[in-house]
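Structure, as structure tokens:
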Amino acid sequence: MIEHNKILDRDLRIKIKNAEICFGGNRKLKIYGTLKCSSGKRMKQENRVFFLSENEAIENGFRPCGHCMKNEYQNWKNGLI
């Protein structure tokens with residue numbers, strides 16, 4: 001897990017371009033989603049974190065976003081994750 005305020009924007013862009021970062025999340029709400037999610041783009045930078053994989057987000061106690069990851073969210077809501 002990488003906190004947005006602890007990485008330079010240049011380094012962040014490089015990691016996203018190289019597919020080292022695939023998911024973003026809200027540290028306070030414990031929600032993760034895709035990097036293209038409109039809900040995720042609106043969050044404050046100080047709450048934003050990044051993950052290499054979906055498994056990393058789940059291991060850190062985050063749940064899927066109900067906006068950009070509807071199927072995964074339904075599985076989480078139904079107790080399948």
Side-chain angles (χ1 to χ4, degrees):
M1 182 168 72
I2 301 168
E3 293 183 23
H4 193 166
N5 57 1
K6 294 187 178 178
I7 187 170
L8 297 173
D9 287 340
R10 179 180 54 88
D11 295 337
L12 179 61
R13 282 191 291 275
I14 291 169
K15 287 184 179 293
I16 291 171
K17 187 175 181 179
N18 293 334
E20 294 176 37
I21 293 176
C22 299
F23 294 93
N26 187 311
R27 184 172 47 110
K28 286 191 175 183
L29 299 176
K30 299 292 234 180
I31 299 171
Y32 74 93
T34 63
L35 296 176
K36 294 182 179 184
C37 181
S38 59
S39 296
K41 289 180 180 180
R42 290 191 308 261
M43 81 176 83
K44 293 181 180 179
Q45 183 174 338
E46 67 229 29
N47 295 334
R48 192 176 292 135
V49 292
F50 298 100
F51 303 101
L52 173 62
S53 68
E54 193 171 357
N55 286 336
E56 182 184 6
I58 293 168
E59 288 171 5
N60 281 290
F62 285 68
R63 72 159 177 86
C65 173
H67 180 78
C68 66
M69 302 182 74
K70 290 181 177 156
N71 292 333
E72 292 86 349
Y73 174 74
Q74 284 301 321
N75 288 338
W76 172 81
K77 192 172 177 182
N78 294 329
L80 301 175
I81 295 180

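Keep in mind it's a predicted model, so treat the numbers as computed, not measured. FYI, the numbering just counts along the sequence from 1.
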Rounded distance [0.5 Å steps], CG in N47 versus CD in E3: 10.0 Å

Please tell me whether F62 and F23 form a close aromatic pair, meaning their ring centres lie under 6.0 Å apart. no

Do E54 and I58 have side chains that approach each other closer than 4.5 Å (heavy atoms only, starting at C-beta)? yes

Between E72 and P64, what is the shortest heavy-atom contact and its length? O-CG, 3.6 Å

Hey, quick one: are F51 and M69 part of the same hydrophobic cluster, counting side-chain heavy atoms closer than 4.5 Å, chains of contacts allowed? yes

Take K28 and V49 through the test side-chain contact (heavy atoms from CB on, under 4.5 Å) and record every step on the way to the result. CA-CA 10 Å; K28 286 191 175 183; V49 292; over 6 Å; no

Closest approach of L35 to I21 (non-hydrogen atoms, all atoms of both residues): CD1-O, 3.7 Å

The reported gap from CG in D9 to NE2 in H4 (rounded to nearest 0.5 angstrom) is 5.0 Å

Could you tell me whether the side chain of M1 reaches within less than 4.5 Å of the side chain of F50, counting heavy atoms only? no

Heavy atoms of G33 and C65 approach each other most closely as CA-CB, 4.1 Å

Quick check: are there more than 12 heavy atoms from other residues, nucleotides or ligands sitting under 6.0 Å from NZ of K77? no

Any non-hydrogen side-chain atom of E56 less than 4.5 Å from a side-chain atom of Y32? no

In the structure I gave you, are the side-chain heavy atoms of I7 and K15 within less than 4.5 Å of one another anywhere? yes

What is the minimum heavy-atom distance between L52 and A19, and which atoms define it? CD1-O, 3.9 Å

CD1/I2 to CD/E20 distance, rounded to the nearest 0.5 angstrom? 8.0 Å

Please report the interatomic distance CZ(R48) to NZ(K41), rounded to the nearest 0.5 Å. 10.0 Å

Can you tell me how far the CG atom of N26 sits from the CD atom of E46, to the nearest 0.5 Å? 10.0 Å

Before giving the answer on side-chain contact (heavy atoms from CB on, under 4.5 Å), spell out for S38 and H67 the whole-Å C-alpha distance, their side-chain angles and the decisive distance to 0.1 Å. CA-CA 8 Å; S38 59; H67 180 78; 3.2 Å; yes

